[in-house]
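Keep in mind that what you see is a predicted model, and the values were worked out from it rather than measured. Labels below follow one simple rule: chain letters A, B, ... track the order of the sequence lines, proteins then strands, and each chain is numbered from 1.
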Protein chains: 2
Amino acid sequence: MSATGGVVRRSLLDDLATSMLALIAERKLAPGDQFEAVRSLAERFKVAVPTVREALRRLEATGAVELRHGSGVYVGPNVGRLVLANPLALAPSPDRLVELLQARALIEPPVAALAAQTRAEVALEQMAKDLDTAAELIASGDHAQLAEVNMDFHRSLAQASGNATLAEVVESVTVVNAREQLEILHIHGDRQADLDEHRAIYDAVRSGDADLAELLTREHLDGVLAVINERLQHP
Amino acid sequence: MSATGGVVRRSLLDDLATSMLALIAERKLAPGDQFEAVRSLAERFKVAVPTVREALRRLEATGAVELRHGSGVYVGPNVGRLVLANPLALAPSPDRLVELLQARALIEPPVAALAAQTRAEVALEQMAKDLDTAAELIASGDHAQLAEVNMDFHRSLAQASGNATLAEVVESVTVVNAREQLEILHIHGDRQADLDEHRAIYDAVRSGDADLAELLTREHLDGVLAVINERLQHP
DNA sequence: ACATGAAAATGATCAGATCACTTGGTCATT
DNA sequence: AATGACCAAGTGATCTGATCATTTTCATGT
């Protein structure tokens, strides 16, 4: 039932999209680089402008390119990524949110353990920065930004594992409830405790204690999950 | 640096895309259902046809809708998904492939453990079916199909966990190396051993032995990983 | 009943035009 | 010399309207 089966009759759009990706690869363009004007692309591939735009929209949907009004077409941040968060996902239901956190509680602890073994330096520094930023934001009371940075910490942690695929998975799973995280934060109340837990995880990873890093991460996420579950039953 | 920051000036296209998704949700349409004609949508939202098409292309990119020439617009298989495999991803490099398998070896064992606790019945039956199909394919020697079904088994296993998000993660991570899996299978050689390991995992899950299920899954994936690593060094 | 083929519905693509935003430079003011 | 207002070119965004290609439907004839 899962077989992709037989012939894939590539449409004009498929060809266009892959050709443009190939063009990006061929020119060795990196995320952020400017690509090429829509009209220019239309001429290059001998197709009409709307057709080019449709192909670009497809690429844009997964973050392979970006279209900036008045400026140009640029290479997006997700070129070459394997796993990504559905950019069209609507706000998850409460049930789905719990599921999401359960998934995180299952995945992230072993990732933290791996991070403690690998300790990719750049990511470690990023974690430290995230912690500092979080401390500032707690002081200034900017909760929206704080929720963002807290998610960043988890992403940096995954980066420290040195495994890009794992980092992508964690990123995907964290990006979804970024907005929900704000409310969670609001509910949770004790932002300082959150920060302390993050700090403890950081220390464990920095010192290379894999077991401790795994344990602390698990407790941290289980804690969040417990708060959510309780809150869902007493709204 | 990752903050989305401040004002989000939603473009016409953003609105269109989300409106159409909302429309699908509102009508309670399921994957496979017919949606609405392009011209009709254009009229409904008071925009031009090319604009509707661009929005549809964006939705199509993530599998939220499908456009079938001459037939109509249909709801795609990925509506409501949170995490998915990048449909534009090109074949991963050997390094990336190893990373991918490491990620799987980290994620899937605890998922198997959870599956042994939850034991969602439908998924268990699917696992059994996958095993039967695999046995037939080994007999008939259809390796391409076999690789597919083997991946299906892992996906069904994740489904049995009862956590849709985890299932999506595992699906995303397995779909990527579906093609590579063929070569792995070819290298691995002993397809019967693979099947036996899958059967053992199934039995453990079926009997509710979480620890055993986790252990067997870990050994299974580590085994595959070991073979790949060795093969990469002696090509 | 069944097969055939025309007609309708629908997506795919094209062409050209106009509007809106960004960017870089010019030039007057300070 | 530095600053700020303004203008013009480049570029994406959207529209209008038409034509081609594929699928589906259904009346028709055997």
Considering only nitrogen or oxygen atoms on both sides, find all protein atoms under 3.5 Å from nucleotides 16-18 of chain D and state each distance.
none

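Using cut-offs of 30° and 60° for the angle between ring planes, the His154(B) and His198(B) rings count as perpendicular.
Residue pairs meeting the salt bridge (charged side-chain N to carboxylate O under 4.0 Å, His left out) criterion with at least one partner in residues 27-52 of chain A, sequence neighbours excluded, are Arg27(A)-Glu36(A), Glu36(A)-Arg44(A).
Within 4.0 Å of Gln34(A), counting heavy atoms only, lies no atom of the nucleic acid at all.
Within the model, atoms CD of Gln102(B) and CG of Leu221(B) stand 11.5 Å from one another, a figure rounded to the nearest 0.5 Å.
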Discussion item. Go through it in stages, so that I can follow the logic: the residues are Glu60(A) and Arg58(B), the test is side-chain contact (heavy atoms from CB on, under 4.5 Å), and I'd like the CA-CA distance, side-chain angles, deciding distance and then a yes or no.
Written reply: CA-CA 7 Å; Glu60(A) 184 203 41; Arg58(B) 174 185 288 187; 2.9 Å; yes

Discussion item. Before you tell me yes or no, could you show the steps for Leu16(B) and Phe45(B) under side-chain contact (heavy atoms from CB on, under 4.5 Å), namely the whole-Å CA-CA distance, both residues' side-chain angles and the distance that decides it to 0.1 Å?
Written reply: CA-CA 8 Å; Leu16(B) 252 186; Phe45(B) 293 109; 3.7 Å; yes

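dA12(C) atom P lies 13 Å from atom CG of Leu41(B), rounded to whole Å. For the pair Asp15(B) CG and dT14(D) P, the interatomic distance rounds to 10 Å; values are reported in whole Å. Taking atom CD of Glu54(B) as the reference point, atom C1' of dG11(C) lies 16 Å away to the nearest angstrom. As a whole-Å value, the separation of Glu43(B) CD from dT10(C) P is 12 Å.
Summarising the geometry of Ser161(A) relative to Thr118(A), their closest heavy-atom pair is O-OG1, 3.1 Å, with the distance given to 0.1 Å.
Within residues 55-75 of chain B, the residues that place at least one heavy atom under 4.0 Å from DNA chain D are, in residue-number order, His69(B), Gly70(B), Ser71(B).
Residue Arg53(A) places at least one side-chain N or O under 4.0 Å from the OP1 or OP2 atom of dA13(D).
Under a 4.0 Å N-O distance rule, the pair Asp130(A)/Arg155(A) does not qualify as a salt bridge.
Of the N and O atoms on the side chains of Arg104(A) and Thr174(A), not one donor lies less than 3.5 Å from an acceptor on the other residue.
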